[in-house]
Amino acid sequence: QVQLVQSGGGLVQAGESLRLSCEASGSTFGINAMGWFRQAPGKQRELVAIQSNNGQTTLGESVSGRFTTSRDNAKSTVYLQMNSLKPEDTAVYYCYYRRYGPGSDSTYWGQGTQVTVSS
């Protein structure tokens, strides 16, 4: 069992920056990936950024060059630094955790946090 607690989010103006964090607790040992997805009203959930604990990172095309993700493995925490925010970045952002075996894989989601970017 893994629990994810998110913090950050809020209302900002276009061009400003925001930082999200997510801390995992519970059975966080072994190989895992942590990151972020987002979902806007009427839109499908999309990948923002994922980073494994061996250093491999995947970024969504819509945020590449503006967003960065980082991990503190000792704290089981992942961060999302969002720069040059645009109104189209408005969405609910969900922390993501996937634990790999042995024997089975498990996926966990944070509670979600609203990010709203005004023009």
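All values below were derived from every heavy atom in this structure, side-chain atoms included, with hydrogens, water molecules and symmetry-related copies excluded.
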Mind checking whether [X] and [Y] sit in one hydrophobic cluster, side chains of I, L, V, M, F, W, Y counted as touching below 4.5 Å?
X: Ile50; Y: Trp109; answer: yes
X: Leu4; Y: Leu47; answer: no
X: Val12; Y: Phe67; answer: yes
X: Val48; Y: Tyr108; answer: yes
X: Leu18; Y: Val117; answer: yes

For [X] versus [Y], what's the shortest heavy-atom pair and its separation?
X: Ala91; Y: Ala40; value: CB-N, 3.8 Å
X: Ser17; Y: Gln81; value: CB-NE2, 3.9 Å
X: Leu20; Y: Gly9; value: CD2-N, 3.0 Å
X: Val78; Y: Trp36; value: O-CZ2, 3.7 Å

Any side-chain heavy-atom pair from [X] and [Y] closer than 4.5 angstrom?
X: Val92; Y: Thr113; answer: no
X: Gln111; Y: Gln6; answer: yes
X: Arg71; Y: Met34; answer: yes

Between [X] and [Y], do the side chains contain an N or O donor and an N or O acceptor separated by less than 3.5 Å?
X: Arg98; Y: Thr107; result: yes
X: Gln1; Y: Ser27; result: no
X: Ser7; Y: Ser21; result: yes
X: Thr77; Y: Asp72; result: no
X: Arg19; Y: Asn83; result: no

Practice task
For Arg66 and Ser84, indicate whether the former's side chain and the latter's backbone hold a donor-acceptor pair under 3.5 Å.
Solution key: yes
Exercise for the section: Indicate yes or no: does Lys75 engage Glu23 in a salt bridge with an N to O separation below 4.0 Å. Expected result: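 Salt bridge: no.
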Problem - Between CG on residue Asn53 and OG on residue Ser76, distance to nearest 0.5 Å - result: 9.0 Å
Handout entry: Interatomic spacing from CD in Glu61 to CD in Glu46 - rounded to 0.5 Å
Key =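 The CD atom of Glu46 is 10.5 Å from CD of Glu61, to the nearest 0.5 Å.
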Problem - Ile31 CD1: over 12 foreign heavy atoms closer than 6.0 Å - result: no
Practice task
Please lay out, stage by stage, how Asp105 and Arg99 fare under the test salt bridge (Lys or Arg N to Asp or Glu O under 4.0 Å).
Solution key: CA-CA 6 Å; Asp105 300 338; Arg99 184 181 67 197; over 6 Å; no
Exercise for the section: Answer with yes or no after comparing the ring centroid distance for Phe37 and Tyr94 against a 6.0 Å cut-off, counting only values under it. Expected result: no
Problem - side chain to side chain donor-acceptor pair (under 3.5 Å) assessment of Thr57 paired with Gln51 - result: CA-CA 4 Å; Thr57 300; Gln51 187 171 27; 3.1 Å; yes
